[in-house]
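Letters A, B, ... are given to chains in the order of the sequence lines, protein chains preceding strands, and every chain is numbered from 1.
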Number of protein chains: 2
Amino acid sequence: MLRQPQKQIANREKNISRIKEAAEYVFAEHGYFGASFSLIAKQAKLPKSNIIYYFTNKETLYRAVVEDIFDIWRSAADSIKKDNDPSTAIAEYIDTKLEMARNRPFGSKVWANEVIQGAPIVQDYMEDELHRWTNDRMVVIQHWIDSGKLRATSARHLLYLIWAGTQHYADFQHQIETLNDNHPLTDEQWQETKYFLKDIILRGICVE
Amino acid sequence: MLRQPQKQIANREKNISRIKEAAEYVFAEHGYFGASFSLIAKQAKLPKSNIIYYFTNKETLYRAVVEDIFDIWRSAADSIKKDNDPSTAIAEYIDTKLEMARNRPFGSKVWANEVIQGAPIVQDYMEDELHRWTNDRMVVIQHWIDSGKLRATSARHLLYLIWAGTQHYADFQHQIETLNDNHPLTDEQWQETKYFLKDIILRGICVE
DNA sequence: ATCTTTTCTGACTACTTAATCAGTTAAACC
DNA sequence: GGTTTAACTGATTAAGTAGTCAGAAAAGAT
């Protein structure tokens, strides 16, 4: 005899991810203060009280959204490992990061908004997780430099340039589309972007 | 006999620029919706009603702040002219843009916030002024490429990379300082940044 | 000195917001 | 089937918001 008592659990998970998706969108488009429960509720097509039932308050929901994005970004840098070939690893990182800019622009925007405003909510997260994570990657890049596999440039600024160059296409998506005569970028244009970023950055850091 | 009847005019100008400065800061730190008249008033040390007296409403004040920043950015690209030497011109542009990131980070942040949220207020500005301005610069860069003074890369993406790479240090200032052990960048670190960006980007676009 | 115009401001209003809570509905358990 | 527990929600509240407005104060004009 089949038992299917997990109706509640399944429903809970469905609702939570639905709320987070709606919230990511609304926080990105309106900022923390501009995003109201009623807007998020409308977007999620759920009653406002239901959202508060799951997340207690605005800040908790917001944190959930930000942490989700951070986890995804973190995984993008899996290729930055000591034993990998630097050019291939960095090319892969740029590719992945740019695909994320294309596929998850709202998360990127939420993060950008938060940092611009001085990270009032996720300050601790930046000081712990991001700080440690960044240092780890920098050690790898420095190792590549020290072993002569990369030109002697700044590991730190290289990371910043990759972040800036890729996230720009998510965060400033609206500006880029406006300058593209109000059209979203086509597949070819995204391809061109990938090629350009890798071309410039790799040329700048590879030993000649 | 001296006449000094311009007391009103002088005072008006003083107040207006004081309000705009305060507003730039508060909009940057809190976003459009998070920035309230009372916060701006407190920052400017003027009564709330006085701010509304000068700017009528929030949107008008906001537009004034955004247009100010845009004007300043525009002037940064004066070096991008057909007859200039490409490397020197672009190096100069990067330098100037990075100095602005350092000296006027709040303006940059306001612009970033606005664009991230889909430019709800300055859409028209982007479609007219920014669009025309960007196209003009792209024509110059394309001319450099066509006359063999630059490698054949994308003029458009080159501009984006310069914007992204420089503005990052304003918009993500807080993240950068957190990763710098909670210290603002020193003069040498800013110098290093300038050097890095020019090194990578120029190496990427100059004919070998 | 008096009148006019501009500058300025505190008190107020209509509205929106995050969050609470009492009460309802639905699922799980026995 | 009946009971317990979790899921859910509409109505309400207290706090904060943008913007109004009547009238005071200062500056300029004659």
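- Side-chain proximity of B:F37 to C:dA19, D:dA18, D:dT9: nearest is D:dA18.
- Nucleotide D:dG16 holds its P atom 12 Å from the NZ atom of B:K42, rounded to whole Å.
- As rounded to whole Å, 16 Å separates atom P of D:dT13 from atom CD1 of A:I52.
- Here D:dA7 presents its P atom at 14 Å from NZ of A:K14, a figure rounded to the nearest Å.
- Between C:dT16 and A:S36, no contact under 4.0 Å exists linking OP1 or OP2 to a side-chain N or O.
- Using a 4.0 Å heavy-atom criterion, one finds that B:A35 contacts the sugar-phosphate atoms exclusively.
- Using a 4.0 Å cut-off, some side-chain N or O of A:N11 falls inside it from OP1 or OP2 of D:dC8.
- Comparing atom distances between the A:S38 side chain and each of C:dT9, D:dA6, C:dT17 picks out C:dT17 as nearest.
- Counting only N and O atoms by type, the side chains of A:Y169 and B:H157 include a donor and acceptor under 3.5 Å apart.
- The CG atom of B:N50 sits 6 Å away from the C1' atom of C:dC8 (whole-angstrom rounding).
- When only modelled atom types and interatomic distance are considered, A:H174 and B:Q123 share a side-chain donor-acceptor pair under 3.5 Å.
- Note on A:S49: every side-chain N or O is 4.0 Å or more away from OP1 and OP2 of D:dG10.
- One finds no side-chain N or O of A:N57 lying less than 4.0 angstrom from the OP1 or OP2 phosphate oxygen of C:dA18.
- With distances taken from any side-chain atom of A:Y53 to the nucleotides C:dT6, D:dT9, C:dT20, the minimum falls on D:dT9.
- Under the salt bridge (Lys or Arg N to Asp or Glu O under 4.0 Å) rule, A:D68 has a single partner from A:K20, A:R63, A:R74, which is A:K20.
- Candidate nucleotides C:dT7, C:dC8, C:dA18 were compared by shortest atom distance to the side chain of A:K58, and C:dA18 ranks first.
- Here the C1' atom of nucleotide C:dT9 and the CZ atom of B:F55 are 17 Å apart, to the nearest Å.
- By the 6.0 Å contact criterion, CD on B:E21 is open, its count of non-hydrogen atoms from other residues, nucleotides or ligands being 12 or less.
- Comparing atom distances between the B:Q8 side chain and each of D:dA27, D:dA6, C:dC8 picks out D:dA27 as nearest.
- Between B:N15 and C:dC8, a side-chain N or O to OP1/OP2 separation shorter than 4.0 Å is present.
- Ring centroids of B:F70 and B:W73 are separated by 6.0 Å or more, keeping the two rings apart.
- If you measure from atom OH of A:Y54 to atom P of D:dC8, you get 3 Å, rounded to the nearest angstrom.
- The NZ-P distance, from A:K48 to C:dT17, rounds to 8 Å in whole Å.
- Rounding to whole angstrom units, CG of residue A:L61 and P of C:dA19 are separated by 10 Å.
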